[in-house]
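To start, the structure under review is shown below, and the notes come after it.
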Amino acid sequence: MCGIFGYIGPHQAAPLLLEGLRRLEYRGYDSTGIAVKNGTINVHKKVGKVQDLRTVLPSSIPGTLGIAHTRWATHGGVTDENAHPHESAEGKVVIVHNGIIENARMLRTSLSVQGVALSSETDSEALAHVIERELSVDNNPEEAVRRALRQARGTWGICALFKDHDTIVCARNGSPLIIGQGVDEMFISSDPHALTAHTQQVIYLEDGDLATLTATSVKLSTLKGGKSQTKSSILESEWGESELGEFPHFMLKEIYEQPDAIRHCISGRLDRAGGSGRLGGLKLNPSDLAKVPHVRLLGCGTSYNAAEIGQLLIEKLARIPAMAHISSEFRHNDPVINPSALHFAVTQSGETADTLSAIKEIQLKGGNVHGVVNVVGSSIARLCGQGVYIHSGPEQAVASTKAFSNMVAALSMFALQVGRSRNISKERGVELIHGLQQVPHLVEEYLANQGPIQEAVDLVKDAKSVLFLGRGISAPVAQEGALKLMEIAYIPCLAYPAGEMKHGPIALLEEGSPVIFVAPNDHVKAKTVSAIHECRARGAKIILIHEEGDEIAQEGDVCISVPPVHNLVSPLLTVVPLQLIAYHTALALGCDVDRPRNLAKSVTVE
Ligand code: M6R
């Protein structure tokens, strides 16, 4: 989604801004721009990638103070005019903005009435003009931004440059901004990733914060004008360099990183002697867990799919009701919140606006939310204040892979922990621990011998649509496979619990239709076989993900086997071939695997 990078210090700003934008590229965007101050403020912006922006830049852009932006269109089409930065009417103020200004229409109308000519269709541009109008009152940049934002309603991460002042003023409300403190220089970014090359000393702005930066100082305050409580912290080492190395794409690299990522996630969190999980960050002891009436899990996309697996594991092991919810629906349905219940917000980025809103809804109604989060220090991690970091390391491909696995691993450990406090025996706990500990090695074994992925790709790459089916714990895995193939190869995909297929989706099947079945050797396998027969009888071609040595292999046209593993952690194995099918199909179709069209890595608008 939109990204912001800014610099003030002794060095030339333009190369630093462009490098900052490059590091934000993985988030997904449709246009880019930079503004550098050198007496006046020079703005350059263009539809396309950072590389496209470079083609229109002069050979040198002098100036040691600047801001930059990658845009993912919300208000107004993808055009050069709508790209950021936006300039005020008299060129005294230039801004970049992430988020949505909800009363933009009203602000734009009032500006037009005052004779200000707006040059874009965006909500953001209005802010530049309003700040300039306020600047004319006392020529104080900080107060001008404060007064302007008090007139705005909505969300923002905003940075403003001023023609007549050597300062950057930035503010946050619902859209992340992080200040990086260097030696005699300051950086500002919407993503910790872009800061790691420069400094580890950071300040995560909180909602309602306003910061005024010079090369050597940061002045923090609140939008209301009071003192901010926000403190400086050290950037986690997990946000270190993540380059492609020998891999052609981040998605493939991240698929291969899964064994180590899972090791990292489970290490030190399994109590073999007690047959339980040991998730200290949850801040819940066994007697708390024994009293939990029910569990709710919230997430979007891949995180929702992982939450569904968590729901099944919690019910199975702890025998308490659990329910996964799509975050974007949650607060609009006015849910009943029981303050004694446990709520989990599952998210890779920790910045997903829909999940943030769902958390706020629960907190407003007196409930507690625990994060299951990858990005350390992200908005959701801080808002929850308790939970489990999944420790996947940086995930840069838009299509989530290793974060899914680690979410499932983390939720398995939680299910085990709550299960042990209420229902299951130590022996059953130890069996699951053993299963989980085997997973990293088994994923490595599978990656070394992937089976006929190319044959599966040949069946799906030209298909009108692909049906993904699974039962029980494999139904969310099928959903995850469908999401992966759809988002990076642009093939319409449908995922259904296998038993539901005969109630509707079967109408889609014709001679040669590809159907992907996820069928590990568990208690619902026999039922899945019936669904396979029903599909075959209609001429469908079956791509079967199954366990090695299982006789179910005779049911498929293309059979991809994974090593056998404890039933409850089978998603950690069966999802891997689905990730590979999506990856290789996207490649075969010439799609941009890491940065699929229209998508963003973290979706920071509702
Ligand atoms: O950062 P989050 O986990 O909250 O993101 C949620 C979804 O936007 C994300 O999983 C999305 O569906 C991915 N592109 C899936 O690969």
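First listed ligand is number 1; within each ligand, the first listed atom is number 1.
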remark   = Taking only non-hydrogen atoms of Ser303 and a 4.0 Å limit, the atoms of ligand 1 in range are 2 (P), 3 (O), 10 (O)
key: Identity and distance of the protein heavy atom lying nearest atom 12 (O) of ligand 1   = Gly301 CA, 3.3 Å
request  = Check whether the ring centres of Phe517 and Phe468 lie less than 6.0 Å apart, and answer yes or no.
outcome  = no
query = Where's the contact between Thr352 and ligand 1, heavy-atom distance under 4.0 Å: side chain, backbone, both or neither?
reply = side chain
remark   = A student checking ligand 1 against Thr302 at a 4.0 Å heavy-atom cut-off should list atoms 10 (O), 12 (O), 15 (C), 16 (O)
ask   = Would Arg22 and Glu19 pass as an ion pair if we require N to O under 4.0 Å?
value = yes
task = Any atoms of ligand 1 less than 4.0 Å from a non-hydrogen atom of Ala399? List them with their elements.
result = 16 (O)
request  = Name all residues meeting the salt bridge (charged side-chain N to carboxylate O under 4.0 Å, His left out) criterion together with Lys49; count only those two or more places apart in sequence or in a different chain, and write none if there are none.
outcome  = Asp592
task = Identify the protein heavy atom lying closest to atom 1 (O) of ligand 1, giving its residue, its atom name and the separation to 0.1 Å.
result = Ser349 OG, 2.6 Å
ask   = Below 4.0 Å from any atom of ligand 1, is there a heavy atom belonging to Val398?
value = yes
request  = Using non-hydrogen atoms of the residue, decide whether Glu351 is closer than 4.0 angstrom to ligand 1.
outcome  = no
ask   = How far is atom 6 (C) of ligand 1 from its nearest protein heavy atom, and which residue and atom is that?
value = Cys300 O, 3.3 Å
ask   = Taking the six-membered ring of Tyr490, is NZ or CZ of Arg597 closer than 6.0 Å to its centre and within 45° of its axis?
value = yes
key: Heavy-atom closest contact (Asn374 atom, Gly393 atom, distance)   = ND2-O, 3.0 Å
Salt bridge (charged side-chain N to carboxylate O under 4.0 Å, His left out) partners for Glu547, two or more places apart = none
Heavy-atom nearest neighbour in the protein, as seen from atom 14 (N) of ligand 1, with distance rounded to 0.1 Å = Glu487 OE1, 2.8 Å
inquiry  = Does any N or O of ligand 1 fall below 3.5 Å from an N or O anywhere on Lys484, backbone included?
reply    = yes
ask   = With a 3.5 Å cut-off and no angle check, do the side chains of Glu480 and Thr302 form a donor-acceptor pair?
value = yes
task = Could you verify whether a donor N or O on one side chain and an acceptor N or O on the other, from Thr355 and Ser327, lie under 3.5 Å apart?
result = yes
request  = Starting from atom 8 (O) of ligand 1, locate the nearest protein heavy atom and write down its residue, its atom name and how far away it is, to 0.1 Å.
outcome  = Val603 CG2, 4.2 Å
note = Closest non-hydrogen atoms of Val375 and Pro192, given as atom of the first, atom of the second and distance, are CG1-CG, 4.4 Å
ask   = Would Ser602 count as a contact of ligand 1 if the rule is a heavy atom under 4.0 Å away?
value = no
